[in-house]
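Working notes for the structure below.
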Amino acid sequence: MRIMFAVPCYWPSQDGVTIITSYLAQGLAAKGHEVSVVTSAGNGGLQELPEHDLHEGVEITRMRVQTRWPLFLRGRDNKSTKRAYRRQVKDFSPDVLIVVCAQTWTLDWIVSDLKNLDCVKVFYSHGYSAWKEQYFYKEQLRKRNIVGVWATYKCKRYFDKLHQRIRLFDRVIYLSEENNAAVYADQHGLKNGRILKNAIDDRFFEDDMRHQYEEKPCLRYLFVANYNKNKNQEMLIRAFSAAGIEKSQLLLVGFEENAYYEHLQEVIREELADQKQKEVLFYTHVDRETVIDLYRTSDVFVCPSRSENYPIVAHEAAATGMPIISTNVGIYNRITGAYIVDGQEQMQKAMEELYDSAEERKRRGSAAYDWVCGQGCRIQDKVEWLEEEIRNIRGKRNEHER
């Protein structure tokens, strides 16, 4: 089969959407399918990456799209427009089109053309970060935040209509029953959805990845997420600075430098200027092997995010037996042993407690490992599930056409 993924981010990015899409695309390519990915160059289209690429058997085409959702989606050149995107899909002539994520050009630019595409159409949702049960304008109006009011209004209109767009797909895939996209589907009576939970690279379960929880003078706290306000690395840096811990490191792994990344540099200069025993290390443009090694050599996984859905990084940390500290987002509160915090002060306290006690790190890390072992996280199973799902849909379409 000819299978095309349209996804807002892909290799060499290391975020959750990329990791999940990559193992599915590469897995299908390894099974003999012709797989193409159309995606973004990073940093709003400013990242210097080849327009065409080949990685692990997957053909990649990158477009330079500037996104400030919901206010605008804009191509930076004539190869990166809505028309060019649709032409990419048409020219590949896929048997299967898998559109990944809402609130981005990959969905919004193709919706009006879906009825014209004679192929199996799959929407792979990773959740809706901007969807709310209610939208509030009064505070923004009080502050005369006209742009904020307009953005909130556009968000509301988008989600008022999104269910109509989702009905155009043969299948919708959600990360879990609790994912807010699945909740949205229930509220709007959508019946074309299935659940496919995340998988973890088998390497995370290897013996050399398992943590030993020994006493050590320098603890390494790790967070893997792109640099943006929703991931809230600023709060984490401030908690790390305020924590009563001695020589330690905070490792922040994101794809690329951006305006928020630069802001974090200012926060470090403000918070850690007089704390030479503490160090914040930033990682950008790193390969997958480097990220895996950071999981292996760090001691505590920390997540300060304002919102998450079904983060793959949580599963990866748990698979290494690493103790986890997180705000109450996504599935973190379901991970046995996870230390759930509310805000900077509690994050600081949690970092201190795990710094002071190897026994507590062992208790929480071992519990997280036991939890993830019961989740059915093999990549091979996920690839085979998706392939079988696609074949079933194609079979039903062929029967209907006859």
Side-chain angles (χ1 to χ4, degrees), residues 4-19 21-22 25 35-55 58-94 97-114 116-117 123-124 126 128-130 146-148 150-151 153-155 157-158 162 165 225-231 254-265 282-287:
M4 171 173 273
F5 287 82
V7 59
C9 47
Y10 195 72
W11 178 86
S13 179
Q14 294 293 334
D15 60 282
V17 171
T18 294
I19 293 167
T21 308
S22 294
V35 181
S36 174
V37 168
V38 57
T39 188
S40 299
N43 196 17
L46 296 176
Q47 183 66 38
E48 294 295 330
L49 291 170
E51 180 184 349
H52 298 288
D53 222 336
L54 177 66
H55 180 68
V58 177
E59 296 278 355
I60 304 169
T61 299
R62 298 186 179 94
M63 300 178 67
R64 301 177 64 241
V65 181
Q66 182 184 11
T67 301
R68 189 181 174 189
W69 197 91
L71 298 178
F72 63 80
L73 305 170
R74 181 182 301 148
R76 291 188 179 275
D77 56 45
N78 59 10
K79 296 180 180 180
S80 305
T81 62
K82 181 190 294 188
R83 180 179 294 179
Y85 171 38
R86 292 177 174 179
R87 189 165 56 247
Q88 287 280 351
V89 176
K90 182 179 179 180
D91 289 349
F92 184 72
S93 187
L97 174 65
I98 303 176
V99 178
V100 184
C101 292
Q103 303 173 212
T104 184
W105 62 273
T106 49
L107 175 65
D108 296 357
W109 279 2
I110 202 70
V111 162
S112 61
D113 207 35
L114 286 175
N116 300 322
L117 297 176
F123 174 50
Y124 203 122
H126 284 255
Y128 309 140
S129 62
I146 304 303
V147 174
W150 179 237
Y153 170 72
K154 292 198 72 172
C155 280
R157 286 196 61 190
Y158 184 87
L162 181 62
R165 300 175 172 184
N226 287 334
Y227 301 110
N228 63 60
K229 290 182 179 180
N230 181 61
K231 301 302 181 182
F255 176 41
E256 63 195 359
E257 300 90 345
N258 53 26
Y260 188 71
Y261 172 95
E262 297 299 332
H263 171 68
L264 295 177
Q265 309 303 311
F282 289 85
Y283 293 83
T284 58
H285 309 294
V286 295
D287 58 32

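The figures that follow rest on heavy atoms only: side chains count, while hydrogens, waters and symmetry mates do not.
Summarising the local packing, CD of E48 is surrounded by 12 or fewer heavy atoms from other residues, nucleotides or ligands at distances under 6.0 Å. Within 6.0 Å of NZ on K79 lie no more than 12 heavy atoms contributed by other residues, nucleotides or ligands.
Q47 has its side chain out of reach of P12: every pair of non-hydrogen atoms, C-beta onward, lies at least 4.5 Å apart. Between N230 and S129 there is no side-chain heavy-atom pair separated by less than 4.5 Å. You'll find the side chain of S22 stays beyond 4.5 Å of the side chain of V58, heavy atoms only. At a threshold of 4.5 Å between non-hydrogen side-chain atoms, the residues P94 and V89 count as touching. Residues E257 and H285 are in side-chain contact: their nearest non-hydrogen atoms beyond the backbone lie under 4.5 Å apart.
Closest non-hydrogen pair, A102 versus L162, comes out as CB-CD2, 4.4 Å. Among all heavy-atom pairs drawn from W11 and I60, the shortest one is CE3-CD1, 3.9 Å. Heavy atoms only, all atoms of each residue included: M63 and S80 are closest at CE-CA, 3.3 Å. Of all non-hydrogen atoms in I110 and Y85, the two that sit nearest each other are CB-CE2, 3.9 Å. Considering every non-hydrogen atom in both S40 and W105, the closest pair reads OG-NE1, 2.8 Å. Heavy atoms only, all atoms of each residue included: A151 and P70 are closest at O-CG, 3.4 Å.
To the nearest 0.5 Å, atoms NZ (K82) and CG (L73) are separated by 9.0 Å. Remark: M4 CE to L97 CG distance equals 7.5 Å, nearest 0.5 Å. Rounding to the nearest 0.5 angstrom, the gap separating the NE2 atom in H263 from the CG atom in N228 is 12.5 Å. With rounding to the nearest 0.5 angstrom, the CD atom of Q66 is 5.0 Å from the CZ atom of R74. One finds the CG atom of D77 at 7.5 Å from the CD atom of E51 (value rounded to the nearest 0.5 Å). The CG atom of L114 sits 7.5 Å away from atom CG of L107, with the distance rounded to the nearest 0.5 Å.
One finds a salt bridge joining R165 and D108 here, because a Lys/Arg side-chain nitrogen approaches an Asp/Glu carboxylate oxygen to under 4.0 Å.
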Exercise. Check the pair V147, L71 against side-chain contact (heavy atoms from CB on, under 4.5 Å), reporting the backbone distance first and the verdict last.
Key: CA-CA 9 Å; V147 174; L71 298 178; 3.9 Å; yes

Quiz prompt | Audit row: Y158, Q103, side-chain contact (heavy atoms from CB on, under 4.5 Å) steps and yes/no | solution = CA-CA 9 Å; Y158 184 87; Q103 303 173 212; 4.3 Å; yes

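Taking the six-membered ring where the residue is Trp, the centroids of F5 and Y10 are separated by 6.0 Å or more.
Looking only at distances, no side-chain donor or acceptor of S13 sits under 3.5 Å from a matching main-chain atom of F255. When atom types are taken as modelled, the side chain of R64 and the backbone of A41 share no donor-acceptor pair closer than 3.5 angstrom.
Residues H52 and E59 bring no donor and acceptor atom of their side chains to less than 3.5 Å of each other.
A side-chain contact (heavy atoms from CB on, under 4.5 Å) with V7 holds for exactly one of T18, V99, T39; it is T39. Between Y227 and the choices Y283, F282, Y260, the ring pair (Phe, Tyr, Trp, His ring centres under 6.0 Å) rule is met once, by F282.
Using cut-offs of 30° and 60° on the angle between ring planes, the pair Y124 and H126 is parallel.
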